Amino acid sequence: MLDIYGIKNCNTVKKALDWMNENQIAYTFHDYKKEPATLKKLEAWEKSVGWEKLVNKKGTTWKKLSPEEQAKVIDSDSANQVLLSNNSMIKRPVIELKNDIILGFDETIYQEKLAK
């Protein structure tokens, strides 16, 4: 069973969950609003994809930060501080595989890594 992290009302998360359901892939969904991401979780994901990919700079939460706050996000420590206080800034969804993670929704990647 996969673990999927995100926000239930996010359109990208909805697409991912719909795809999982259509393809009958079992998963457990972790909603950041009810179950915030932890530093341990962020550090594990960063080992797989790097901190830069976890920070969703296209979202409204990032855009609400001042240019000064954005400029302070320069490494994993500073990114983690911002992501822990703003879980909605984490790229969504995060799908945990055994030795990898998938960020966002990409049907081609899902077919490749998840379809049976």
Side-chain angles (χ1 to χ4, degrees):
M1 180 166 317
L2 299 173
D3 284 298
I4 302 176
Y5 297 81
I7 297 171
K8 202 73 159 174
N9 65 355
C10 169
N11 288 334
T12 307
V13 170
K14 287 178 185 176
K15 285 181 200 173
L17 297 180
D18 286 346
W19 190 91
M20 297 293 168
N21 293 330
E22 288 167 14
N23 288 275
Q24 300 176 347
I25 296 174
Y27 62 87
T28 300
F29 182 71
H30 304 272
D31 191 333
Y32 293 141
K33 301 291 184 189
K34 297 175 184 170
E35 187 182 341
T38 63
L39 179 59
K40 184 177 178 182
K41 198 52 84 174
L42 291 175
E43 289 172 342
W45 295 338
E46 289 164 2
K47 284 180 184 171
S48 182
V49 297
W51 67 267
E52 298 92 338
K53 288 185 179 178
L54 281 179
V55 180
N56 181 6
K57 293 185 177 180
K58 294 180 181 178
T60 55
T61 307
W62 173 262
K63 292 174 183 173
K64 286 180 184 176
L65 295 179
S66 69
E68 294 79 21
E69 289 172 307
Q70 291 177 358
K72 290 179 185 175
V73 180
I74 56 169
D75 58 18
S76 63
D77 290 337
S78 58
N80 287 340
Q81 286 179 13
V82 171
L83 294 175
L84 287 170
S85 60
N86 300 286
N87 271 202
S88 56
M89 199 182 305
I90 301 169
K91 177 109 172 121
R92 302 182 296 268
V94 176
I95 302 172
E96 289 184 338
L97 308 176
K98 279 187 179 176
N99 298 312
D100 195 10
I101 67 169
I102 300 171
L103 292 177
F105 177 76
D106 184 323
E107 194 165 352
T108 304
I109 292 173
Y110 283 25
Q111 285 290 346
E112 210 175 274
K113 294 189 175 192
L114 302 172
K116 296 170 183 160

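Please read all numbers here as calculations on a predicted model, not as lab measurements.
With rounding to the nearest 0.5 Å, the separation of CH2 in Trp62 from CD in Gln70 is 4.5 Å. Between the CZ atom of Phe29 and the CE atom of Met20 there is a distance of 11.0 Å, given to the nearest 0.5 Å. Separating the CD atom in Glu46 from the OG atom in Ser76 is a distance of 5.5 Å, to the nearest 0.5 Å. Taken to the nearest 0.5 Å, the CG atom of Leu54 stands 8.0 Å off from the CG atom of Asn80.
Judged by distance alone, with hydrogens and angles left aside, the side-chain atoms of Ser48 form no donor-acceptor pair with the main-chain N or O of Trp45 at under 3.5 Å. One N or O on the side chain of Asp75 and one on the backbone of Asp77 form a donor-acceptor pair closer than 3.5 Å. Here the side chain of Lys72 pairs no donor or acceptor atom with the backbone of Ser78 at under 3.5 angstrom.
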Practice prompt. Could you walk me through whether Val55 and Ile90 pass side-chain contact (heavy atoms from CB on, under 4.5 Å), step by step?
Written response: CA-CA 5 Å; Val55 180; Ile90 301 169; over 6 Å; no
Worksheet entry | From CA spacing to verdict: side-chain contact (heavy atoms from CB on, under 4.5 Å), Glu96, Ile102 | CA-CA 7 Å; Glu96 289 184 338; Ile102 300 171; over 6 Å; no
Worksheet item: Going through the distances and angles, do Leu84 and Leu39 end up as a side-chain contact (heavy atoms from CB on, under 4.5 Å)?
Response: CA-CA 7 Å; Leu84 287 170; Leu39 179 59; 4.0 Å; yes
Fill in: Val13 and Leu17: CA distance, side-chain angles, deciding distance, side-chain contact (heavy atoms from CB on, under 4.5 Å) verdict
CA-CA 6 Å; Val13 170; Leu17 297 180; 3.9 Å; yes
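Counted by atom type alone, Tyr5 and Asp31 present zero donor-acceptor pairs between their side chains at under 3.5 Å. For the residue pair Glu69/Ser66, the side-chain donor-acceptor check at 3.5 Å is satisfied. At a cut-off of 3.5 Å, with distance as the only test, no side-chain donor of Asn86 or Thr61 sits close to an acceptor on the other residue.
The two residues Thr108 and Asp106 come nearest to each other via the heavy atoms N-OD1, 3.0 Å.
The hydrophobic clustering, which links ILVMFWY residues whose side-chain heavy atoms are closer than 4.5 Å, places Leu97 and Ile4 together. By the rule that hydrophobic residues join a cluster once side-chain heavy atoms approach within less than 4.5 Å of another member, Phe105 and Tyr27 end up as members of one cluster. Grouping the Ile, Leu, Val, Met, Phe, Trp and Tyr side chains by contacts below 4.5 angstrom, directly or via other members, places Tyr32 apart from Ile95.
Connectivity analysis of hydrophobic side chains (ILVMFWY, heavy atoms under 4.5 Å, direct or indirect) links Ile74 to nothing; its cluster partners are none.
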